[in-house]
Each structure stands twice: as C-alpha cells, then as structure tokens.
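Note that these values count all heavy atoms, side chains included, but never hydrogens, waters or copies made by symmetry. None of the values given here were measured: they were computed from a predicted structure. As the structure lists them, so they are numbered: ligands from 1, and atoms in each ligand from 1.
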Amino acid sequence: MGRIVVLDQNMVNMIAAGEVIERPASVVKELVENSIDSGATKITVAVEDGGRKLISVTDNGCGMDAEDLACAFESHTTSKIHTSDDLRAISTLGFRGEALASIASVVQVKAISRTKDELAGNSIEIDCGVSAPVTPCSVDTGTTIQVRDIFYKLPARRKFLKSANTEISHIIEQFIRIALSSTDIDLSLTHNGKDVYRLTGRQGVREKITELFSQEIADQLLETQSDEKGLHIEAYLGKPAIAATSNRLQYIFLNGRYIRDKFISHAIKEAYRGSIDPSRFPAAFIFIRMPYEDYDVNVHPTKIEVRFYNANLVHSQILACLREKLLSTDLDTMARTPHQLAQGAMPPLRRDSRITEAMEEFFKRHRPAGQRHLDFAPDTRLSSWHGLGAREGTASPQDALRRMAVPPSKFMQIHDSFIIAENDEGFVIIDQHALHERIMYEQLRKRVQASPLESQKLLVPESFQLTKLQQDTLENNSQLIERLGIELVSFGPKTVAIQAFPVLLAKAEPADFLRDLIDMLTEKAATLDSDGLLDEVLHMAACKAAIKAGMKLTDGEIEQLIADKETVEYSSNCPHGRPTVIKFTLKELEKQFKRT
Ligand code: ADP
Ligand code: MG
C-alpha cells in the first residue's frame, strides 16, 4: 500500500506559514502591506507584549464585503492578480494570496471590515484554520485585523519566540521599512498602549528619518537624484561620520517595496570606496522607481529579493548617481564650538576635543606676530620628500592654491601634528597624518590601477624567515605583490629576500611592511574579492607611508600638503573616514567672543 497522502489544506497553510510567518513582525508586515494595497491613507498598528499577545492593524482603505471577507483567509485567494500576464508587472505589495491564510492557520484572528458602499460591516473569526461564519456588525469603512496568541497551538514554534523586547524591536524594524516606503500615509505604532511612533503623510523623507532614527542622522544626509535610462533614483547619503559597523542604516526601496539586493549594496560600497574604512557601512536611504516590467518580485516568499532583468544597468546608474554626489560635496568637517555643544547638539568626538585642546595651547603660547607668512618660492627640499614630490599631471601648489576654496595665506604647524591655516572664511586645522594618508591612498590607488608601482632596488636585500603558512600566502598572492612593485627572491627553503620596494612607500620599513602585509593577506584573503583585498593593502600602505603625527614639517612640505588636498578625491576624510580638516568660521569666532 502506498504511503503518500495529500495533505489537508490547513496543513498546507501551516507549512506555508513556516516560510512567510517567522515571528510577530512578519504578521505586522503582511497586515500593513495589505492595508497599503487597500488604498488606505491612515493605518494604525497596536501590539501587546511584543506582538506575542496581540497584533491589531486598522486601516481606512477599501474594505471587504461579506463575500470577500469569507474567502480572504482561504489559501491562494487574492484580488490583486487574475491571469499569468498580471505576474509580469506587479504593482501591489501583495499578490501571492497566501499571507492571510498562513496567518490564520497559526493564530486566532478576528477581522472586521466594511466597504464604502455598504451601510454596515461584517466580521469573521478564525481559530488556527477553523473559521466561524461571517456575522454583520456596525463599523467604520475600512478593515481591522486582530491577531492573538501567535503559534499558540504550535509549542515548538512558540518556544522560538524571543522576549517581548526583542520581538518589538523586530516589529519596529518592519515598521520603519514601511514608514519610509509609503510616504503619504498617516502611520502609528503603539506598544502596550504607549505611542512608539506617530507619523503623518505630510512628512518628507528627512523628517521621517528624524522621527524614526535621530536628528543627528538626518542632519548628516546628503540628498541627490537622477532620472536616466528608465530609472528614477532619489538618495539620502550619510556622510562618512555616521558610517556604522553593520548595514543597519542602509535602506533600499524599489517602487515602494523595501528590498535587499546584492548589486545595489555593492554599488553603495563602491561609491563610498576610499571615503570610509572598508569594514564600515555607510548610511544610505535609496528610493528607486522603475517600470514594473523590468524586474521580477516572484522570486522570494517574503518578496524581500527581486530579480532585475538588467542588473548591470541598475548597478551602474546607482553607482554613478551616488559617486557624483559624494565627489562633488565638500565633506570637510565644521568645528563644533563650545557654544554649540552647550546647546546639547552632539557630543564632541575624541579627536575634536584633542584639537580644541591643542588650539587652546597654541593660542596661549603663540602671539599673532609670531606667525610666518607663506612664501611661494619653490622649495628645493620638496622633491626629495617621498610622496609629496612634484608629479606629472599634478597642478603646482600655486595653481592649486588659486583654485582652492580655502586659499591659505598664513599657516603654522602646532605640536608637530596639526597645521593651522587661515582662509577667507576663518581658518582650518589640518591633521597632517590623516590628510597625508588620504593623499597617499589616492595616489597609490591611481597608480596601481595603471601599472605595477614603480620600484627601487634595495642596496642590501633584506631577508627574513617565513613559516609554511606565510610561504603559502605569498605564493597565493604573488600577482598582488608584483603589482605593488615588491620583488622577492627565495633564499634557501624558508627565507626570502626583498630585492626591490616601491618608491612611493619609501617611508615604510620594507621587512616590517612585508611581514604586516603577509599577516593581513593571511587573515583577509579568504573573505575578500581581489578588489577588496587590493583596497585593504592600499589602506595599509597609505597608513605606513604617510607622515606621522609628531613630525616636524618644512614650509614647503606644508604647502605641498595643502595643495595636494585639492588634487585628490575624498580629501575631507582619511581612508578610515575620520576628518582630515576641521573648519572654523570667523562668524562663529565672533559669536564666541561676543563681538556680535
Ligand atoms: P495578497 O495580499 O497576496 O493578495 P493576502 O492573503 O494578504 O494576499 O490577502 C488576500 C486578499 O484579501 C487580498 O488580495 C485583498 O483582496 C484582501 N485584503 C486583505 N487585507 C485587506 C485589507 N486590509 N483591506 C482590504 N482588503 C484586504
Ligand atoms: Mg497580502
């Protein structure tokens, strides 16, 4: 006798629920998406005990009549698609006709609804797949769906629910995605009777971000748009200062649907490449509009992933849009004066307070008469200084100074670490290591892309011993090492000697550099692609080859540093995302000294 049986419908729904309904937050997502699809302009979400006890969603949308209410909770019932043609261009959030059936199979549901054409409404109750008949009731136009005791008949799944705090944080995350994607709806969320969020449809994206995240994050966003090749992009890009250790501040929306997409994430990463530490994630809110026919949403049960028919186009358009904005923006950090801090704006960064201290010291010790005036005479010491020497294709310092937004007329180095330079609006403080590190990084990157770095034979080859693992790492990365302009010869079974070393890295100690390089490659080679790996190497090289804090600089070197700031991209931040320059305006100073 055969062992195969056809599962009854409720079993089928419960199995489907395993995919779609992971936890209370999934119920919130599905119910609110249905409310949005119903054309609602106002949606309220109320949850109790992290959604474990109750989730209630009320909308003022089109509502359902008695007949629809009776079948909405059956499986494969939908009003959103009718024929296979409809699958080719889906404009609603839902279309699978599965969510309500899945939810109703694992919870107690009560749904109340009324269409605008009816005088009275109807309600229905379903307990884990068993439904009672529809009964009339009096209610406003729209729909309320209440979900109680999720998974109460499924102890194995109920056990996997986390604390109310954890579950509400998942609900909040879903709510944020919905709130950002549907801009013109009044949306509220309450937990145990207390307001969590109350947003109105009149608020723009920036206002919503302020409410949902913080003023600090909203203030750090650059806005940009593009509309080309059938792709409308609106983006809010976080300045490097608010980059996070995870992608928790990256939100991508496609035609009002929150999605995750590896091409778009990659484009964001590429756009910021070099402006933040590669291990950090920039904040980015990206809203894309494109024809529904140009992608498929029917690839994932929760529709969080889509398949673009032309993923390369999406990638390149987004990369171009973001990069243009980031490159054309002055990302220089404005000083936060004590007066602003007292108003409780933002806590000072450690580095800022160090600079403020350094400044106070400086003004105590130096009188204005002691300042040196910049003299544009060429400095012969310059060309011998590695990494800052005059280069082909680089504007002369004079040229650069003329073009500069901040032409310094006077400057001075303090504590052998910072440079203070006057400009039209006030003055700037430059962190010499951070800025030079950025300049080195950009120069290395540019050159290594064209050809292997120019190298120089060492007078005495430096030899050192390797472990088996280190030897393997060297072998596996021989191409990369060649590109860097490092020449190695093996010297006996476990020994190598460095014969030639890149000119640009002359400030680094070759054996030391190679040892660190091998360590880094051993650690990172498995997880990064070749671009990512090269980028890591360049970061390391730039840091080692850059002038350090505590080094005395000549006037010529300082001039060169200031001039080079204008010739490299992303010069406002070092490759780790820290500021290279902090600006102080005369206006602020006058305010501080109570002159205005
Ligand atoms: P889908 O959203 O994929 O169509 P669902 O199971 O989520 O499937 O919902 C089934 C149907 O119930 C929807 O197609 C819609 O017609 C109706 N419906 C669900 N929620 C609402 C609501 N809040 N207002 C009006 N109609 C709704
Ligand atoms: Mg739905």
Glu30 heavy atom under 4.0 Å from ligand 1: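 The answer is no, since Glu30 has no heavy atom less than 4.0 Å from ligand 1.
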Gly97 near ligand 1 by a heavy-atom separation under 4.0 Å: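 Distance cut 4.0 Å: Gly97 passes for ligand 1.
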Please report which non-hydrogen protein atom sits nearest to [atom], along with the residue it belongs to and the distance in Å to one decimal place.
| atom | value |
| --- | --- |
| atom 6 (O) of ligand 1 | Leu100 N, 2.9 Å |
| atom 25 (C) of ligand 1 | Ser38 CB, 3.6 Å |
| atom 17 (C) of ligand 1 | Met64 SD, 3.7 Å |
| atom 10 (C) of ligand 1 | Thr77 O, 3.4 Å |
| atom 2 (O) of ligand 1 | Lys80 NZ, 2.6 Å |
| atom 16 (O) of ligand 1 | Ser79 OG, 2.5 Å |
| atom 23 (N) of ligand 1 | Asp59 OD2, 2.9 Å |

Side chain, backbone, both or neither: the part of Leu31 lying under 4.0 Å from ligand 1 by heavy atom: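 Under 4.0 Å from ligand 1, Leu31 contributes no heavy atoms.
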Residue portion contacting ligand 1 (non-hydrogen atoms closer than 4.0 Å) for Thr143: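 It is the side chain that touches ligand 1; the backbone stays farther off.
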Drop me the distance from [X]'s [atom1] to [Y]'s [atom2], to the nearest 0.5 angstrom.
| X | Y | atom1 | atom2 | result |
| --- | --- | --- | --- | --- |
| Leu521 | Asn477 | CG | CG | 4.5 Å |
| Asp59 | Asp186 | CG | CG | 12.5 Å |
| Ser246 | Phe281 | OG | CZ | 7.0 Å |
| Arg289 | Leu231 | CZ | CG | 12.0 Å |

N or O pair under 3.5 Å between Asp37 and ligand 1: no
Contact (N/O only, under 3.5 Å) between Ala72 and ligand 1: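 Min N/O separation from ligand 1 is not below 3.5 Å for Ala72.
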Give the numbers and elements of all ligand 1 atoms closer than 4.0 Å to a heavy atom of [X].
| X | result |
| --- | --- |
| Phe95 | 1 (P), 3 (O) |
| Thr78 | 1 (P), 4 (O), 14 (O) |
| Gly94 | 2 (O), 3 (O) |
| Arg96 | 3 (O) |

Check: Tyr236/Glu234 side-chain N/O donor and acceptor closer than 3.5 Å: yes
Pairing of Glu536 and Lys524 as salt bridge, 4.0 angstrom limit: yes
Residue selection (non-hydrogen contact nearest atom 7 (O) of ligand 1) among Asn60, Leu93, Ile90, Asn34: Asn34
Expected output: side-chain Ser316 to main-chain Asn312 donor-acceptor under 3.5 Å: yes
State, yes or no, whether a side-chain contact exists between [X] and [Y] at a heavy-atom distance under 4.5 Å.
| X | Y | answer |
| --- | --- | --- |
| Lys153 | Val106 | no |
| Phe95 | Lys303 | yes |
| Ile81 | Leu87 | yes |

Aromatic contact, Tyr197 with Phe175 (centres under 6.0 Å): yes
Between Tyr258 and Phe287, ring centroids under 6.0 Å: no
Backbone or side-chain N/O/S of Asn34 under 2.8 Å of the Mg ion (ligand 2):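 For Asn34, the answer is yes, given that an N, O or S atom comes within less than 2.8 Å of the Mg ion (ligand 2).
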